[in-house]
K.L.:
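Structure incoming, see below.
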Amino acid sequence: MDDQPRLMHSSHGVGMAGHPGLAQHMLDGTGGADGEGRKQDIGDILQQIMTITDESLDEAQARKHALNCHRMKPALFNVLCEIKEKTVLSIRGAQEEEPPDAQLMRLDNMLLAEGVSGPEKGGGSAAAAAAAAAAGGGGSDNSAEHSDYRAKLSQIRQIYHTELEKYEQACNEFTTHVMNLLREQSRTRPISPKEIERMVGIIHRKFSSIQMQLKQSTCEAVMILRSRFLDARRKRRNFNKQATEILNEYFYSHLSNPYPSEEAKEELAKKCSITVSQVSNWFGNKRIRYKKNIGKFQEEANMYAAKTAANATSVSTHGSQANSPSTPNSAGEYFFLG
DNA sequence: GTGCATGATTCTTT
DNA sequence: AAAGAATCATGCAC
């Protein structure tokens, strides 16, 4: 055991000299058996290994074969393997720590949530349905947009999977190729299984970083699609007639103070099948537009006043006129006069 | 295509 | 935080 360092040391000392004639002599197995001769022997083998890449392919092939058959080869090979093992282990210890990538996990989670990387159909339509629900809308005519969204999502999904498969295939092919190469080389130079393992790890890391780029751009594409789908301003739909009617009825019957409470907004939202914030938007727009041009809305105001009055009389023959805007009892309180 | 209507957003004011 | 005001972007009738 303690002669291993000596072997390596001698390789440095003698290896650089280069004695083709002597080397041939050694490889023939006719060299001396004394200690000094053995050192020379090993040194020449190492020298030949180190210079093998300088030779032509045929020469190198022949040299390789000769070296493989050399009587000292197994011993030298074992020693080199041990040394290699030690250095590889020390390298491993130094650079092995790899925290689970938070970014990658986020991307994976998102792709799963959006139904891009999950099971075939279910996730995608679920996400689309959620997006559709979030979009607010009347709910009747968004099925066309919905299917459009779904089609585009599945397009993204398909591209993603094709690319992913391509990467995986390339990764496997490359890994196999490298492993075959290393296995082949391990016959002439010391390559420990751990080193192969490490190499495979490096390859996988490289490919997974490429995969991450794919995941990132897929996420971006989904986000853009989603934001387009969800951007209500782009896909603005007028409220249906009934909803507008309900909102106008409330507005004109509360003309002196058209500021519905939170509860009233919720009630209106429910009646109109829209969201509370849409109700708030509507009243905000209505107030400002009414105030800006009361004349323009006069006809509408009268119409709804009549309607409200009619409703009131039909409900109660007593003819309550509590909410009649056409007969204000205290005009000074009207919001648009303030 | 044009112009007005309308729902949503953004910024400012209260 | 809610309302007002200005503005944007689309819908729709013509």
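In what follows, chains carry the letters A, B, and so on, assigned in the order in which the sequence lines appear, proteins first and then strands, with residues in each chain numbered from 1.
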K.L.:
Looking at the rings of A/F297 and A/Y290, which for Trp means the six-membered one, are their centres under 6.0 Å apart?
P.N.:
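Yes - the distance between ring centres of A/F297 and A/Y290 falls below the 6.0 Å cut-off.
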K.L.:
For the side chain of A/K292, counting heavy atoms from C-beta on, which of C/dA5, C/dA6, C/dC12 is nearest?
P.N.:
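For A/K292, the side-chain atoms sit closest to C/dA6.
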K.L.:
Looking at A/K265, I'd like to know whether one of its side-chain N or O atoms comes within less than 4.0 Å of OP1 or OP2 on C/dA3.
P.N.:
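Indeed, a polar side-chain atom of A/K265 lies that close.
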K.L.:
Rounding to an integer number of Å, can you tell me how far A/Y290 OH sits from C/dA3 P?
P.N.:
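So the two atoms are 19 Å apart, to the nearest Å.
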K.L.:
Between C1' on B/dC4 and CG on A/N238, what's the gap in Å once rounded to a whole number?
P.N.:
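Distance check: A/N238 CG to B/dC4 C1' gives 12 Å.
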K.L.:
Expressed in angstrom and rounded to an integer, what is the separation of A/K286 atom NZ from B/dA5 atom P?
P.N.:
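Atom-to-atom, A/K286 to B/dA5, this comes out as 11 Å.
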K.L.:
With respect to the phosphate group of B/dG7, does any side-chain polar atom (N or O) of A/Q278 fall under 4.0 Å of OP1 or OP2?
P.N.:
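Answer no for this pair, as no side-chain N or O of A/Q278 is under 4.0 Å from OP1 or OP2.
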K.L.:
List the residues meeting ring-ring contact (aromatic ring centres under 6.0 Å, His included) with A/F283, not counting sequence neighbours, and say none if there are none.
P.N.:
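A/F283 satisfies ring-ring contact (aromatic ring centres under 6.0 Å, His included) with A/Y250 only.
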K.L.:
Taking 4.0 Å as the cut-off, does a side-chain nitrogen or oxygen of A/R237 come that near to OP1 or OP2 on C/dG11?
P.N.:
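Yes.
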K.L.:
Round to a whole Å and report the spacing from NZ of A/K241 to P of C/dC12.
P.N.:
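These atoms are roughly 13 Å apart.
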K.L.:
Rounded to whole angstrom units, what separation is found between the CZ atom of A/F239 and the C1' atom of B/dA8?
P.N.:
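A/F239 atom CZ is separated from B/dA8 atom C1' by 9 Å.
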K.L.:
Figure out the CG/P separation between A/L247 and B/dG7, and round it to whole Å.
P.N.:
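Taking atom P of B/dG7 as the reference, CG of A/L247 is at 8 Å.
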K.L.:
Please state how far atom CG in A/N257 lies from atom P in C/dG4, giving the value in whole angstrom units.
P.N.:
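Interatomic distance, CG of A/N257 to P of C/dG4: 10 Å.
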K.L.:
Given the rule in the side chain to side chain contact (heavy atoms under 4.5 Å, CB included) test, do A/Q103 and A/Q216 qualify, once you have shown the distances and angles that lead to the verdict?
P.N.:
CA-CA 9 Å; A/Q103 170 88 1; A/Q216 191 137 25; 3.3 Å; yes
K.L.:
I need the CZ-P distance between A/R289 and B/dA8, as an integer number of Å.
P.N.:
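Answer to the nearest Å: 11 Å.
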K.L.:
May I ask you to evaluate whether A/Y259 reaches the phosphate of C/dG4, defined as a side-chain N or O under 4.0 Å from OP1 or OP2?
P.N.:
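Affirmative; the distance criterion is met.
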K.L.:
Run the salt-bridge test on A/K166 and A/E163 with the 4.0 Å N-O cut-off and return the result as yes or no.
P.N.:
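So A/K166 pairs with A/E163 through a salt bridge.
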K.L.:
Does a salt bridge link A/K271 with A/E249, judged by any charged N lying under 4.0 Å from a carboxylate O?
P.N.:
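No.
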K.L.:
Quick check on B/dA8: is either OP1 or OP2 less than 4.0 Å from any side-chain nitrogen or oxygen of A/N281?
P.N.:
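Yes, within the criterion.
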K.L.:
Reading DNA chain B from 5' onward, which residue's closest nucleotide shows up sooner: A/N285 or A/K296?
P.N.:
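In this pair, the answer is A/K296.
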